Amino acid sequence: MHWVWLIIVGALVGALARLFHPGSDPMGWIVTILVGIASLVIAGLIFSSGLLQFIVGILVAVVLVALVGRFFGDGRRSVLT
């Protein structure tokens, strides 16, 4: 049951990260869920409080969404811009 909640909350965190990150994101909903889960795991390693994990998970997910957009984008953008 823990894994089901991790996927549901990961999807929520990933969706919120895409909402807070400006611009278009070149990823689908599966990658969004994976980004959310990865950010929750990272936040869980740092903090033990549930609310703090959620907030830090969103912040980490925004950074991960920006990195995924940068490295797996449409290829028309330069890395230096």
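Everything numeric here is computed off the predicted structure, so don't read it as measured data.
Judged by distance alone, the side chain of Q53 and the main-chain N or O of F47 form a donor-acceptor pair under 3.5 Å.
Atom CG of residue L64 and atom CD1 of residue I42 lie 5.5 Å apart, to the nearest 0.5 angstrom.
Between A43 and G57, the closest heavy-atom pair is CB-N, 3.7 Å.
In this structure, I30 is a member of the same hydrophobic cluster as W3, with clusters built from ILVMFWY side-chain heavy atoms closer than 4.5 Å. Residues V63 and V35 are members of one and the same hydrophobic cluster, defined by side-chain heavy-atom contacts under 4.5 angstrom among Ile, Leu, Val, Met, Phe, Trp and Tyr. In the hydrophobic clustering of ILVMFWY residues, with side-chain heavy atoms under 4.5 Å counting as a link, I55 and W5 come out apart. I8 and L51 sit in two unconnected hydrophobic clusters of ILVMFWY residues. Membership requires side-chain heavy atoms under 4.5 Å apart, directly or through other members.
In this view, L16 and L12, L19, F20, F54, I58 satisfy the side chain to side chain contact (heavy atoms under 4.5 Å, CB included) rule, not counting sequence neighbours. In this structure I33 satisfies the side chain to side chain contact (heavy atoms under 4.5 Å, CB included) test together with I7, A11, W29, I37, sequence neighbours excluded.
L59 forms part of no hydrophobic cluster, judged by ILVMFWY side-chain heavy-atom separations under 4.5 Å.
Evaluation of the side chain to side chain donor-acceptor pair (under 3.5 Å) test over residues 32-48, restricted to residues two or more places apart or in two chains, returns R18-T32.
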